[in-house]
Structure formats: C-alpha cells, structure tokens
Amino acid sequence: MSYHSECKSVYNLLTTNRYLIPYLQRDYAWTWKEQVLTLLEDIQEATNDFSKNDEQYLIGMTITCPSDENGQYTLIDGQQRLTTLSILFRLFAHFLELHRNDGTLDDQTIDAISDLKKTYTRHLSANEEIFVIKRQKEPSEGIVDYEYINYYVKNDCDRFDNRKYKSIKSICDNAMDFFENIYSESDGHRKINNICWIFKNIQIIECYCSDELQAYTLFELINDRGRSLDRTDLLNNYFLKQLNKQLNNGGSERDIDIFVKCWDEFKRTVASSDTKMKADDVLRAYVFASSGKKYKTKELYKAMKSIVEKWNSSQITDFIQTLVKSTHSLVDVWNDTDPNDIYLDILVNELGIKQAWPIILLAEVEPNLERKKQIIKQMFNLCFTYTILNRQYQGVEKLLDQVLAPLQNECVIKPFTDEQFNLYMNKLQNEIDDNVIRIENELINISLKDKDDTAKSILRIIETIENPEHKSIKSLDNMTLEHILPQSYLKDDQFDQWTEYNFDNKESLEKGIYSIGNMSLLDTSDNSFVSAIRLKDKHVVYSNQSLITTKLVSTKFEEARETSASTESQRKKVNELLYIDELAKSDVMSRPLIKKRTEKIVDVLLDIIKN
C-alpha cells in the first residue's frame with residue numbers, strides 16, 4: 001500500500017486545497033450538543049493556560065486521494081471534522097467582522113478575517129465563488145447546504161425553511177453565542193485573540209494515498225467506528241462518476257436518479273435478509289451469473305471498473321435495475337417461511353452454499369417453470385451429495401466455471417439457452433453420479449464423530465422432503481441431534497455389555513454411536529432428559545414424535561382418514577423406507593440394528609437424489 005502521512009495545519013489545508021466528498025459518504029451528521037460544542041469547549045479550555053510556544057492543537061486525521069477533477073482531493077475520511085472546522089472558521093470570521101472596530105482585537109486577529117473566510121468559500125473571479133468542501137455531485141439535500149451559511153452571515157436566511165435546516169441553524173446560532181459569551185468576559189478579548197491563533201494552528205494528520213482503492217483499504221484498517229464499507233460502496237461511487245460523465249453523451253439526470261434509488265434499494269434488500277448476507281457476495285454472484293466471469297471479493301472493484309468504464313448510461317441503469325430484481329428474489333427465498341420449491345428452500349436455508357447463488361439467480365429469471373425446477377433440483381442434488389460426503393464446495397464452483405464461462409452478456413442476467421441448459425444438466429449429473437457411488441460405498445461405514453452439523457443437515461433434509469408435516473426447513477430450527485445409543489456409554493467405564501449390543505470393543509462401539517443409523521432428531525426440551533436413557537425407555541418418547549427419523553424408530557405412522565391422499569401416500573412411503581419392525585420391538589440399539597438403519601437412511605438419501 002502506497003501512502004504518505006504528514007501533520008499539517010487545517011487552516012492552511014482549507015485555504016489552499018479543495019475537497020470532494022464521495023457519493024457514498026453519509027450526510028453531515030455532527031450536531032451542536034453531541035460534537036461541535038465539545039470541540040469548542042476543548043479549544044476554549046486550551047485558551048485558559050495559553051502560550052503561543054505550546055505544541056499545536058491536534059484534532060485527528062484525514063485520508064485523501066487524488067480526484068478526477070484537477071486540483072482537488074477526494075476526502076475519504078475526516079469529512080465531519082473538516083466540514084465542521086470550515087463552518088466554524090467562517091462563523092468566527094463573521095464574528096470578528098462584527099467586532100473589528102471595537103479596538104480590543106490585535107492586528108493579527110483582524111488580518112486573519114479574510115483568510116478564515118477562504119476556508120469555506122473562495123472567489124475565482126468577482127462573480128464566481130467556489131466551496132472548499134463539496135459533494136462530487138450535489139444532491140437536492142447535500143451533506144450541508146453550503147449556501148445557508150453564506151446567507152446566515154448576511155443575516156438573510158428568511159428564504160430557508162428553518163425546520164429543514166434546524167441542525168445547521170443550531171450550530172450557527174450556538175457557535176455565535178459561544179464566541180459572544182467568551183468575548184463578554186473580563187479578559188474575553190485576550191481569549192478571542194488566542195482562539196484565533198489556535199484556529200490558525202490546529203493540526204491534522206493527513207494520510208495521502210495514491211488512489212481511491214488504497215484510500216478505502218487504509219480507512220478500513222484504521223477505522224473501527226461507523227458502518228463497515230465494502231467494495232460495493234466503492235462501486236456505487238464509480239457508477240455515479242460514470243453516469244455524470246455520460247451527461248453530455250446521451251445520459252441524463254434521470255439515469256442518475258434511477259441509479260441512486262435502485263442502489264439504495266439493493267443495499268436495503270440485502271440488509272433485510274434473515275441471514276448475514278453481504279452485498280459484495282450478492283454482486284459477485286450476479287456478475288458470475290450474467291457474464292460467466294468469477295472474481296474474488298478483493299478483485300471485484302478493479303474488475304467491475306474495467307467493465308463499467310465501457311458502458312453507457314442505459315447499460316448502467318439496466319444493470320442496477322436487474323441487480324435489484326435479482327436480489328429481491330434471492331432474499332425472498334431466504335425470508336420465505338412457506339416456500340413453493342422445497343429444494344430451493346433447503347439449498348438456501350440449510351445448505352447455504354454461496355457457490356450456488358449464481359444458479360439461483362439464473363433460475364429466478366427462467367420463464368419455463370418446469371425447467372426452473374430442474375435447474376434448482378440439479379443444483380440441490382449436487383450440493384446435497386457434497387454435504388453428505390463432507391466435501392469442500394470448491395468443486396461446485398469449478399463445475400459452474402465450465403457451465404457459465406460461455407456466457408457473453410456483461411450487463412443483465414438472462415435465462416439459459418437450450419445449449420447452456422443441457423451443458424449445465426449434463427456437467428452436474430456426471431459429478432452427482434460419481435458422488436452417489438461414493439455415498440453407496442462409504443456412508444455405511446463413515447463415522448460422523450465431530451461432524452454433528454453434517455449429520456443434523458442430512459436428517460433435517462430427510463424430514464423436510466419426506467415428512468408431510470413440515471413445509472420448510474426453518475420449521476426444524478428447534479431440533480437437536482439425538483444419539484439413540486447414548487454417547488454417555490463411551491464415558492462409562494462400567495459399560496462391558498459388548499455381547500448384548502454385539503460390539504467387539506470400545507472402538508467398534510464408538511463407530512456405531514457416530515453412525516448416521518444411530519442418529520435422529522428431537523426437540524431441545526425432549527433431548528435434555530432422553531439422551532442418556534436406554535432404548536426401551538426411549539420408545540415411549542419417540543412414538544409421540546412427528547419427526548419421521550425419530551418416530552419410525554419405535555412405531556409406524558398410522559393411517560389417518562383426515563389427511564389428503566397425497567399425504568397418506570407419503571406416510572406409507574416413509575413407513576416402507578425407514579421403519580424396521582425388529583428395531584421397534586427391541587430394548588437395545590445393537591450393532592446390527594444400527595447397520596440396518598444406516599442402510600435404510602442411505603436408501604432414503606439416494607431416493608431423494610434420484611427422484
């Protein structure tokens with residue numbers, strides 16, 4: 001990272017430099033009571049024991065970088081501080097003007113009036129005045145209405161709505177009263193002269209970076225307050241710069257308004273998700289889905305800049321409008337408690353695999369409902385097999401690289417062509433088939449010790465798909481993992497009933513306890529007292545459960561005349577798939593029963609994947 005830091009006089013910076021505040025910066029937010037009064041009281045305290053040989057008054061730090069506009073700097077951090085000092089310097093100059101003929105102020109203080117004014121506005125010519133600090137593009141209600149201060153010092157604010165400008169008016173009124181109160185003291189003229197000297201010598205550490213990305217990186221490293229910035233904030237700023245450049249090339253103010261509203265909606269929509277979704281992750285997924293180009297988070301800003309610099313205003317507005325629509329679709333899936341597509345629900349709310357987001361976004365723009373279901377089911381199958389095998393999800397992303405790379409459009413997500421759809425289905429199916437073979441061969445013997453999350457996901461997904469009582473994966477959030485043969489047996493030195501349970505030794509017992517066939521789900525409240533008791537005592541509790549992975553350990557689902565035909569059919573199916581009569585009648589969870597139930601669960605998993 002390339003940057004240079006130096007302690008400089010704020011007075012000199014504001015009288016010689018001009019600063020632009022990026023679009024993404026928050027509004028001017030300092031108030032009289034919370035910040036401005038504290039600052040002035042600190043300065044007043046410094047005047048009580050004042051010597052011009054004292055060390056300079058240090059107020060903090062700014063981060064700046066070059067601006068696209070010649071002779072100006074982009075102010076990345078320090079906006080609130082620097083804007084406040086600019087306002088106070090201008091108000092103090094006004095105060096000094098009111099008292100310049102009193103005969104009590106020294107010559108240096110009187111001479112400072114002109115330069116203090118220049119810290120707020122400067123005249124390029126007799127008819128042209130510029131602001132020292134301003135927005136890159138002034139909104140209708142800016143960080144602070146600079147014109148208000150100009151009219152305030154002329155005592156001509158009747159044209160302004162005081163309700164709208166209540167905060168800045170409060171700063172102006174109270175700051176002038178503050179100066180007047182000091183001046184009215186017995187040695188007030190001395191203190192005012194000293195305040196003038198301090199104003200002219202307030203120091204700030206200026207960190208100057210070579211470009212905007214480095215400036216924001218430095219900001220994130222040293223700033224632990226306020227909202228966290230991500231790369232989408234930087235892109236927001238860059239998009240608006242590009243739209244402004246397009247104003248003389250077919251663009252319009254309306255394009256800018258559309259973008260600002262849509263971008264705000266995009267950020268709000270991401271923030272409204274029930275999970276910790278990040279805007280830059282959504283944007284990465286969108287770019288991958290629309291262009292076939294995959295970027296790491298740290299690459300996103302530079303990569304998007306290289307794409308956007310070639311776009312016109314129409315392409316930018318198309319991009320942001322489709323991004324908002326796609327983000328709504330993604331977040332709706334997250335927040336939906338009664339989803340239309342159970343596989344999509346599980347893919348998002350249980351498996352939570354970010355690598356699948358581009359496909360979810362592509363599915364959401366697919367007009368053919370049957371094809372949309374196929375796209376989602378195929379992605380679910382792939383991710384589910386990875387979960388069962390406890391594999392890393394980078395393999396999912398590698399497959400999508402091959403599927404999405406042929407996409408050429410760089411602006412708007414569009415549905416798969418027939419060729420792309422077939423490529424997608426075939427590529428994923430080959431990987432799914434390989435995973436299924438591994439599941440058939442490995443899951444029977446896999447120990448899920450220290451893999452409670454994997455075991456719990458497998459059982460939650462079986463419940464959601466096969467159990468008609470549950471309409472969404474979120475309805476199982478209160479369920480915990482239950483070991484039918486208790487884990488406590490491993491800690492019991494007196495446990496030596498290997499023959500009764502058909503285990504050879506403690507090692508084979510451990511393998512049996514951590515097999516998927518020895519696991520079920522229970523409500524947290526039930527699990528607390530059931531976990532350590534024997535199977536013959538658990539049957540009563542299990543029989544009263546609505547969870548198929550638990551109830552069917554002890555009893556079948558009975559026929560119920562009130563239920564629909566499809567529900568009854570599904571109950572009969574799960575009875576056939578999971579119920580073991582020998583297990584339901586047994587007083588102990590033996591090694592052969594664990595093996596048999598494991599085989600049953602594997603059959604259920606394969607049925608879910610293949611059908």
Side-chain angles (χ1 to χ4, degrees), residues 3-47 55-65 67 72-93 115-122 131-136 142-146 148-149 167-168 170-172 174-175 178-179 195-209 212 215-216 218-229 233:
Y3 72 92
H4 170 74
S5 62
E6 186 177 348
C7 194
K8 294 185 177 181
S9 160
V10 173
Y11 176 82
N12 289 335
L13 287 175
L14 291 175
T15 53
T16 56
N17 297 336
R18 291 170 59 200
Y19 295 95
L20 293 172
I21 297 171
Y23 301 95
L24 61 90
Q25 293 257 2
R26 63 177 177 149
D27 289 350
Y28 179 71
W30 277 26
T31 63
W32 172 256
K33 287 185 178 180
E34 296 296 326
Q35 293 95 4
V36 182
L37 176 59
T38 302
L39 172 62
L40 283 175
E41 285 178 338
D42 288 346
I43 292 171
Q44 180 187 18
E45 185 177 345
T47 67
E55 295 181 4
Q56 294 96 342
Y57 186 89
L58 183 65
I59 198 172
M61 186 184 76
T62 62
I63 300 176
T64 62
C65 63
S67 166
Q72 299 187 59
Y73 299 91
T74 299
L75 184 59
I76 302 300
D77 191 28
Q79 173 227 134
Q80 305 289 325
R81 223 172 286 117
L82 220 54
T83 300
T84 300
L85 287 173
S86 177
I87 292 170
L88 290 177
F89 287 176
R90 181 64 188 91
L91 293 172
F92 190 62
D115 284 340
L116 283 168
K117 290 181 180 179
K118 292 177 183 177
T119 65
Y120 191 74
T121 57
R122 291 202 288 275
F131 293 104
V132 172
I133 303 175
K134 68 169 188 175
R135 276 259 195 210
Q136 288 176 325
I143 288 180
V144 62
D145 194 319
Y146 302 100
Y148 183 88
I149 308 292
S167 181
I168 190 64
S170 173
I171 291 174
C172 293
N174 283 293
F178 186 90
F179 298 140
I195 286 175
C196 185
W197 191 92
I198 291 176
F199 272 173
K200 292 184 67 174
N201 288 275
I202 290 175
Q203 302 289 300
I204 200 163
I205 298 172
E206 182 185 53
C207 291
Y208 178 79
C209 298
E212 199 171 82
Y216 277 108
L218 178 62
F219 172 81
E220 291 182 359
L221 285 173
I222 64 178
N223 197 326
D224 62 355
R225 58 179 169 71
R227 70 180 179 87
S228 175
L229 290 168
D233 291 307

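Just so you know, residue 1 is the first one in the sequence shown, and it goes up from there. Note that this is a predicted model, so its numbers are computed, not measured.
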Hey, what do you get for [atom1] ([X]) to [atom2] ([Y]), rounding to the nearest 0.5 Å?
{"X": "Y73", "Y": "I133", "atom1": "OH", "atom2": "CD1", "value": "14.0 Å"}
{"X": "R81", "Y": "Q35", "atom1": "CZ", "atom2": "CD", "value": "11.0 Å"}
{"X": "S86", "Y": "Q79", "atom1": "OG", "atom2": "CD", "value": "11.5 Å"}
{"X": "D77", "Y": "C207", "atom1": "CG", "atom2": "SG", "value": "9.0 Å"}
{"X": "L85", "Y": "I43", "atom1": "CG", "atom2": "CD1", "value": "7.0 Å"}
{"X": "Q80", "Y": "L75", "atom1": "CD", "atom2": "CG", "value": "10.0 Å"}

If I compare all heavy atoms of [X] with all of [Y], which pair ends up nearest, and what's the gap?
{"X": "I76", "Y": "P22", "result": "CD1-CG, 4.1 Å"}
{"X": "I63", "Y": "C209", "result": "CG2-SG, 4.2 Å"}
{"X": "T38", "Y": "K33", "result": "OG1-O, 4.4 Å"}

>> Quick one, Q203 with S9, criterion side-chain contact (heavy atoms from CB on, under 4.5 Å). Give me CA distance, side-chain angles, the key distance, then yes/no.
In response: CA-CA 4 Å; Q203 302 289 300; S9 160; 3.7 Å; yes

> Yes or no on side-chain hydrogen bond (donor to acceptor under 3.5 Å, both in side chains) for T16 and N12, after CA distance, side-chain angles and deciding distance?
Replying inline: CA-CA 6 Å; T16 56; N12 289 335; over 6 Å; no

Between [Y] and [X], is there a side-chain heavy-atom distance shorter than 4.5 Å?
{"X": "V36", "Y": "L88", "result": "yes"}
{"X": "Y120", "Y": "V132", "result": "no"}
{"X": "Y11", "Y": "T119", "result": "yes"}
{"X": "L82", "Y": "I204", "result": "yes"}

>> Using side-chain contact (heavy atoms from CB on, under 4.5 Å), reason through T84 and I171 one step at a time and then give a plain yes or no.
In response: CA-CA 9 Å; T84 300; I171 291 174; over 6 Å; no

> Taking only residues two or more places apart in sequence or in another chain, which ones pass salt bridge (charged side-chain N to carboxylate O under 4.0 Å, His left out) with K117?
Replying inline: E97

>> My understanding is that only residues two or more places apart in sequence, or in another chain, count here; which of them pass side chain to side chain contact (heavy atoms under 4.5 Å, CB included) with E34?
In response: T31

> When you look at I59 and D42, which way does the side-chain contact (heavy atoms from CB on, under 4.5 Å) test go after all the steps?
Replying inline: CA-CA 10 Å; I59 198 172; D42 288 346; over 6 Å; no

> Which of these, L13, T83, T62, sits in a side chain to side chain contact (heavy atoms under 4.5 Å, CB included) with Y19?
Replying inline: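 Single pass found, and it is L13.
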
>> If the condition is ring pair (Phe, Tyr, Trp, His ring centres under 6.0 Å), which residues does F89 pass it with, not counting sequence neighbours?
In response: F199

